[in-house]
Novice: 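Before we start, here is the structure in question, set down as structure tokens.
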Amino acid sequence: MAGEYTIGIDLGTTYSCLAYINEDGETVVEKNFEQEETTPSVILFNENGEIIVGSPAKDMAIMYPPERIVTAIKRQIGTDYEVDVDGDKYTPITLSAAILRKMINDFNDNHGCEIKKAVITCPAYFGQTERDATKAAGKVAGLEDVTIINEPTAAAISFGLGSGTDSKKRVLVYDLGGGTFDVTILEIDGTSFTAVATDGERLLGGKDWDAAITKIIKQKVCEDNGIDQDELDADDDVRQTLVLDSETIKKRLSTAESTKGTLTAAGKKAVYSISRSEFEIATAPLMQTTLEIIDRTLATKEFTIKDIDEVILVGGSSRMPQVKDGICKKYPEADVKIYDPDQSVAKGAAIFSKSYSWDGSTAAAVAAAAATGTEYVPEEGEILVHNVLSKSFGIKAMYDDGEEKISNIIFRNEVLPIVAIKTYYPVDDGQTSIKVEIYEDSASNNDGGNKTELIDGYGVGDFEMELPEGVTRSTPIMVKFTATDEGILVACVDCLNQHTEYQLQNRLQMSDSDIEESQGLMEKVTNAN
Ligand code: AMP
């Protein structure tokens, strides 16, 4: 079976997981070299020039200066963040690639193969730049073919197929991971999965609950032992110990009503105890934020919780009892299930990988059907995934009051592929050219999102177009935006007989030679002895 494995990888902010389909057709999570089913997404650059990933990196972090440790790199993906270690520069792409490389190396060693393709998951709200970056990370890690699907969709695939039912249902996936939170509403019809709404908070996750524990520990240790909090804050060893211990204490509180821990600070060994209820009170605002995001997501489709057949909790942080309790209390009528929180995303990705047509034939057939206004009918067992656009896109336009605003053309939460046309007019008679400036923003179609202030958007590209001779202020200029299944945006502008087409470029896109060069860095990824 060498080289033939179908692989799904959940590249998580705090933990990553690799699943595959075994010889018997079962979806299995692969244990890494350390014999764990999930790999901490922690990277350590040691003094021998090696890159260590996973638990050994996490455990040894305390012995190294912070600049040699990278955590939560997923939060930086799509940005121009860079770290320089021993003269080599690492971007979020190469750092994510190091995590992937470790998992792939472990799989290859265990199965005596060399995997070349995989489905990698990303949060539903990732825009095109972040998706391209995730794909590039797979390539740098040595994969030849990479496909990206959304984490909540993967969880639903694992759930939808795992539950052995092919009836129609609408589910809400609540995904609270280590560093990110998102809510996605999906409609499942047999093996077809359509995301109809998604929302989230990029910077909310288990790490914030850990920080609340750290705060409680510090307060208790200082009060009970007469230690000055500033002194504690300035102690690097305490800071690093608390990062690890806070997570451990938090996890224990998922099963125990209270727990104890020790901290050596200011020369004293302090013992502290924390109860679940203290923890829940301290983190109630965080939990409340997640509930508000559920409401916000339902509202974008004018749904109430009664329109949702099941609420599925995924992400490791969903194990905290406050999550299920909080949701059940706020929505007593909801059917809430916690479902394989650490592994469902990777498993769903592996299941999708099995049915995915890597030669692009399904994508072409879906696009061809869409172009003729018909719907592609999947083959028996074939999984079809439809995503929503994660941002709204529009152009800068001058309004009658003389103000420039973003005139949105396609909207966040519309199901891909999308084609939309809007008509504009030149500002002056005899105008010879126009500059089309494309913006992305978070406006929503059903809350008056047609116009957005420039300051609330983000310029993503622009181009000039010559106008034909003789245009007047009443000559229509048609701007057509097409967002493909993968969320790639193409803008077409037509004015009389003039036609211009523009595909949005990704400023962080890696060339083949960049990828090849970065692949060299992956030689350094090794398991700790
Ligand atoms: P994920 O990104 O989905 O792998 O989730 C990782 C997050 O889940 C981390 O913040 C973990 O600390 C958290 N987590 C894992 N297990 C538990 C548990 N038993 N109780 C509370 N949080 C947990």
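All residue numbers in this chain count up from 1 along the given sequence. Read the numbers this way: they start at 1 and go in the same order the structure lists the ligands and their atoms. Hydrogens, waters and symmetry mates are skipped; everything else that's a heavy atom, side chains included, is used.
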Novice: Pull out every atom of ligand 1 sitting under 4.0 Å from any heavy atom of G177, numbered as shown with elements.
Specialist: 1 (P), 2 (O), 3 (O), 5 (O), 7 (C)

Novice: Please check if any side-chain donor atom of S41 sits under 3.5 Å from a side-chain acceptor atom of T14, or the reverse.
Specialist: no

Novice: Tell me: protein heavy atom nearest atom 2 (O) of ligand 1, and distance?
Specialist: G178 N, 3.1 Å

Novice: Output yes when a side-chain donor or acceptor of D175 lies under 3.5 Å from a complementary backbone atom of P152, and no otherwise.
Specialist: no

Novice: For ligand 1, note which part of E247 has a heavy atom under 4.0 Å away: side chain, backbone, both or neither.
Specialist: side chain

Novice: Considering only the protein, which heavy-atom contact is closest to atom 3 (O) of ligand 1, and what is its distance?
Specialist: G316 N, 2.9 Å

Novice: Counting from 1, what ligand 1 atoms have a heavy atom of G315 closer than 4.0 Å?
Specialist: 3 (O)

Novice: T94 and side-chain contact (heavy atoms from CB on, under 4.5 Å): which single residue from I43, V83, L521 fits?
Specialist: L521

Novice: Can T13 be said to touch ligand 1, with heavy atoms closer than 4.0 Å?
Specialist: no

Novice: Go through ligand 1 atom by atom and flag the ones less than 4.0 Å from a non-hydrogen atom of M320.
Specialist: 21 (C)

Novice: Applying a heavy-atom cut-off of 4.0 Å, say which part of S254 lies close to ligand 1: side chain, backbone, both or neither.
Specialist: side chain

Novice: Please list the nearest protein heavy atom to atom 19 (N) of ligand 1 with its residue and the distance rounded to 0.1 Å.
Specialist: R319 CD, 3.5 Å

Novice: Indicate, with yes or no, if the rings of Y5 and F107 have centres closer together than 6.0 Å.
Specialist: yes

Novice: Are any side-chain N or O atoms of R170 and backbone N or O atoms of D307, one a donor and one an acceptor, separated by less than 3.5 Å?
Specialist: yes

Novice: Would you check if there is a donor-acceptor pair between the side chains of T198 and T184 at a distance under 3.5 Å?
Specialist: yes

Novice: Under 3.5 Å, is there a donor-acceptor pair linking the side chains of N527 and K102?
Specialist: yes

Novice: I'd like to check which ligand 1 atoms, numbered from 1 as shown, lie under 4.0 Å from a non-hydrogen atom of G206.
Specialist: 10 (O)

Novice: Angle class for the F45/Y90 ring planes (parallel below 30°, perpendicular above 60°, tilted otherwise)?
Specialist: tilted

Novice: Any idea which protein heavy atom is nearest atom 10 (O) of ligand 1, and the distance to it?
Specialist: K250 NZ, 3.2 Å

Novice: Of the protein's non-hydrogen atoms, which lies at the shortest distance from atom 6 (C) of ligand 1, and what is that distance?
Specialist: T14 OG1, 3.2 Å

Novice: Could you check atom 15 (C) of ligand 1 against the protein and tell me its nearest heavy-atom contact, residue, atom and distance included?
Specialist: K251 CE, 3.5 Å

Novice: Centroid separation under 6.0 Å, is that true for the rings of F181 and Y174?
Specialist: yes

Novice: Identify the protein heavy atom lying closest to atom 4 (O) of ligand 1, giving its residue, its atom name and the separation to 0.1 Å.
Specialist: Y15 CB, 3.4 Å

